[in-house]
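Presented below is the structure to which this report refers.
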There are 2 protein chains.
Amino acid sequence: MRVLRTGVSAVAPLPPSELQAQQAWLNTIIKGDCVAALEKLPSKSVDLVFADPPYNLQLGGDLHRPDHSKVDACDDHWDQFASFEAYDAFTRAWLLAVRRVMKPDGSLYVIGSYHNIFRVGAILQDLGFWIMNDIIWLKSNPMPNFRGKRFTNAHETIIWATKSKDAKPTFNYDALKTFNDDLQMRSDWHLPLCTGAERLKDDGGQKVHPTQKPESLLYRVLTASSKPGDVVLDPFFGTGTTGAVAKKLGRNYVGVEREQAYIDAAEARIGEIETGDASTLEMQKGKRSERRIPFGSLLETGVLKPGAKLTCSKGRYYAIVRADGSLKSGDHTGSIHKVGALVQGQQACNGWTFWHIDTGQVRKPIDDLRQEIRSRLHT
Amino acid sequence: MRVLRTGVSAVAPLPPSELQAQQAWLNTIIKGDCVAALEKLPSKSVDLVFADPPYNLQLGGDLHRPDHSKVDACDDHWDQFASFEAYDAFTRAWLLAVRRVMKPDGSLYVIGSYHNIFRVGAILQDLGFWIMNDIIWLKSNPMPNFRGKRFTNAHETIIWATKSKDAKPTFNYDALKTFNDDLQMRSDWHLPLCTGAERLKDDGGQKVHPTQKPESLLYRVLTASSKPGDVVLDPFFGTGTTGAVAKKLGRNYVGVEREQAYIDAAEARIGEIETGDASTLEMQKGKRSERRIPFGSLLETGVLKPGAKLTCSKGRYYAIVRADGSLKSGDHTGSIHKVGALVQGQQACNGWTFWHIDTGQVRKPIDDLRQEIRSRLHT
DNA sequence: TCTATTCATGAATCGACTT
DNA sequence: TAAGTCGATTCATGAATAG
């Protein structure tokens, strides 16, 4: 087994120095176990690490959707660990290996879900890493919760850490602020899942990797915490999203991956990428559309109180607001929309404009109350 | 020092049983250290716990300076390790105390930031708690990052956990869905900070508590994971947001707090709250909690007659109703569910929504017929 | 060619009750 | 306790298909 593979993308996009040009591992994928492979790299050689380690999901039996189709779960062998202890030992080992190759002012990003991220975060702290932020990737289109037993798991957590408290990592504050319409970039990132043409598929049309990350996510990480010519390491390279974005943005990458199938897909993918003129590249922007205010917010915020009486504009129908945000009108209960439709005997109804509330001498639609909350949120 | 304080709000809002009315600690604030105070409570007596623990018990104020100014604290590895260890020991102690008083199917919510939440989450898992979700409170109006060295820290993390993997916690799925305009509730909650009139101020206009949580946050937690009459514990009661919302929503509360000033503020605050009346506190129920109507009832009541023809929504499949409540479709016979599955070649099928009947010009699911019987039974 | 409808799918720790 | 039965349960998006 060759330890170093020189793939189609072996030429560094932007080697800023003679020294880097001599390093054979730049812009390659190293095949093998993460810890062993990282021993091939010199210490203090990496500016930025993005790590998407196994999440250690502990799934039960099969899960079916309401239409009885089966959910294609992430049940690969590499995600299975015998115990929390085993997962912790694995995590400590790769974090130490990564720590050695990081430059003193380098940055580390680790992504995970509630299954593993708390263990990763605690171990990071135990090893002396310094957490700069935790960042929330909010998925605009997550998979729903089919059984109605939990909240829709609509996000993942990313930890940004440095090697020590004293580190002074790259942080392109102004670039991010400009990108974000002159507002500071926040710790919540609204980005869609990796789907469509970006999602790598095999000949059979099946996804190549169960957990391919969107390029928009890496784009934001690299834009925030690296400079052109920097070296970006991904110790769990998978199908190479990190390498693809690094090449696009004129950064050098180095990946570590165990599965040959993923390496092949990644090399083909990165080979097709051209390093762009950075000024022409555009980050995928978060949705800035006006946020939805659910009816329940009127109760949470106290704008409306449980027991309040709502009427239609003419006072012909009425309903009582219950604490959980449902309405009750005679035998009918349900959302403002559902009850609005039921009392009128119609198929559908916009509860926001149908239901009114009497305040003093004025009867106004509850949509006005929502507007009040919106203006509060904006200030 | 009195261990039990019977404040202005000592009367339980909704004691559902004689037993609870006899328990002196219900709807009181217990003054003292969290672990010691919880020993006064019987085991398995609490339905829901909301905990907002200190972030830095032994770490000093270092971690939380909003201006990120350099701290002159000892930062060598040993001290750092010792500090985290002390925090971990504290966390383990109060989580074990809470675990004892939780009912087997009770829920625990813990809120924190990146400074402490990873340690809390890992310890939760180590102690055998089972994480149901992590929830992100997204602040619509967070404090900006003044120095431009990090992302604006615009969120906090809440962990929802049960005592064990096998627990079956209260989760008012349908109420939350109705609350959220008929979309299932997600793990990201967009809520503003506690400001304005809701924020408790002392005579000098200074905020009474540095980290008062908004009532909207507790409203959602209690709406999700408790029922009217439940017992809600807050082991770090502060100025009593948990108690205030519990009383509003007809839940019993019990708080633990060390600082007399906070206890005074909380008792005054809760004393002014009025509990909503029972009908408005009723939660939107799902179908599962409604009375079961077997298919045979449709025949018994004459809503459906033997020999009736059922079809799927598109009319592609059909079946004949037999007098014993079974269906016959070609060679397939059996229950509405079994025959529905068989004709589609699937493992399972909800016959109530799969099979339809033509009534005049409308084709409607037989579930509607069941609904008619239900409403008849209610009147 | 354009529009409307249907279909597929994404890191998921995803029953409850009776016999 | 284990097995069998009943029957509850999904949102956003893009691609494919139909009109």
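Protein chains get the first letters and strands the later ones, always in sequence-line order, with residue 1 at the start of each.
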Item to check | Spacing of the P atoms in D:dA8 and C:dG10 (rounded, Å) | outcome: 28 Å

Checklist outcome for this item: Base orientation of D:dT13, chi within 90° of 0 counted as syn, else anti, reads anti

Next on the checklist: Heavy atoms only, 4.0 Å cut-off, all strands: where does A:Asp52 land among base, sugar-phosphate and nothing?
Outcome noted: base

Next on the checklist: Nearest heavy atom decides the nucleotide; on that basis, is A:Pro142 or A:Arg150 closer to the 5' end of DNA chain C?
Outcome noted: A:Pro142

Checklist entry - Between A:Asp324 and A:Ser326, do the side chains contain an N or O donor and an N or O acceptor separated by less than 3.5 Å? => result yes

Next on the checklist: Can you tell me which residue among A:Arg269, A:Gln212, A:Glu215, A:Lys213 is in a side chain to side chain donor-acceptor pair (under 3.5 Å) with A:Thr241?
Outcome noted: A:Arg269

Checklist entry - With distance as the sole test, does A:Arg65 use its side chain to make a donor-acceptor pair with the main-chain N or O of A:Phe146 at under 3.5 Å? => result no

Checklist entry - Mind checking the C1' distance from D:dA12 to C:dT13? Whole angstroms is fine. => result 23 Å

Checklist entry - Looking across every strand, which nucleic acid part, if any, lies under 4.0 Å from A:Asn56 by heavy atom: base, sugar-phosphate, or nothing? => result nothing

Next on the checklist: Tell me whether B:Arg370 forms a cation-pi arrangement with B:Trp352, defined as NZ or CZ under 6.0 Å from the six-membered ring centre and within 45 degrees of its axis.
Outcome noted: yes

Checklist entry - Do the numbers put A:Arg119 on top of the ring of A:Tyr87, so that NZ or CZ is under 6.0 Å from the six-membered ring centre and no more than 45° off the axis? => result no

Item to check | B:Thr170 versus B:Lys227, side-chain donor and acceptor atoms under 3.5 Å | outcome: yes

Checklist entry - Any side-chain donor-acceptor pair under 3.5 Å between B:Ser329 and B:Tyr317? => result no

Next on the checklist: For A:Ser335 and A:His337, which I'm curious about, is there any donor-acceptor pair between the side chains at under 3.5 Å?
Outcome noted: no

Item to check | N-O pairing of B:Asp47 and B:Lys103 below 4.0 Å | outcome: yes

Item to check | Sidechain-backbone polar pair: A:Asn133 side chain, A:Ile135 backbone, donor-acceptor under 3.5 Å | outcome: no

Next on the checklist: With heavy-atom distances below 4.5 Å as the criterion, would you say the side chains of A:Val71 and A:Met143 are in contact?
Outcome noted: yes

Item to check | Ranges pairing with ranges for DNA chain D, where each run has three or more Watson-Crick or G-U pairs under 3.5 Å | outcome: C:2-10 with D:11-19, C:15-19 with D:2-6

Checklist entry - Would you call B:Gln184 and B:Tyr173 a side-chain contact if the rule is heavy atoms closer than 4.5 Å? => result yes

Item to check | ring pair (Phe, Tyr, Trp, His ring centres under 6.0 Å) assessment of B:Phe171 paired with B:Trp160 | outcome: CA-CA 11 Å; B:Phe171 184 60; B:Trp160 170 28; 5.3 Å; yes

Next on the checklist: Can a side-chain donor-acceptor contact be found between B:His155 and A:Asp134 if the only test is distance below 3.5 angstrom?
Outcome noted: yes

Checklist outcome for this item: Per the under-4.0 Å heavy-atom filter, residues of residues 199-214 of chain A near DNA chain C come out as A:Arg199, A:Lys207, A:Pro210, A:Thr211, A:Lys213

Next on the checklist: When the P atoms of D:dG7 and C:dT18 are compared, how many Å lie between them, rounded to an integer?
Outcome noted: 12 Å

Next on the checklist: Can you tell me how the ring of A:Trp78 sits relative to the ring of A:Tyr262, calling it parallel under 30°, perpendicular over 60° and tilted otherwise?
Outcome noted: perpendicular

Contact list (N/O, under 3.5 angstrom) for nucleotides 17-19 of chain D vs protein:
none

Item to check | Nearest-angstrom distance, P atom, D:dT10 to C:dA16 | outcome: 15 Å

Next on the checklist: For A:Arg150, give me all partners under salt bridge (Lys or Arg N to Asp or Glu O under 4.0 Å), at least two apart in sequence or on another chain.
Outcome noted: none

Identify all pairs in which a protein N or O lies below 3.5 Å from an N or O of nucleotides 5-10 of chain D, and state each distance.
| from | atom 1 | to | atom 2 | distance (Å) |
| --- | --- | --- | --- | --- |
| D:dC6 | O3' | B:Arg292 | NH1 | 3.2 |
| D:dG7 | OP1 | B:Arg292 | NH1 | 2.7 |
| D:dG7 | OP2 | B:His337 | NE2 | 2.8 |
| D:dA8 | OP2 | B:Arg370 | NH2 | 2.9 |
| D:dA8 | O4' | B:Arg288 | NH2 | 3.1 |
| D:dT9 | O2 | A:Phe146 | O | 3.3 |
| D:dT10 | OP1 | B:Tyr173 | OH | 2.6 |
| D:dT10 | OP1 | B:Lys177 | NZ | 2.5 |

Next on the checklist: What is the first contacted nucleotide of DNA chain C and what is the last, in 5' to 3' order, if contact means an atom lying under 4.0 angstrom from a heavy atom of chain A?
Outcome noted: C:dT9 to C:dA16

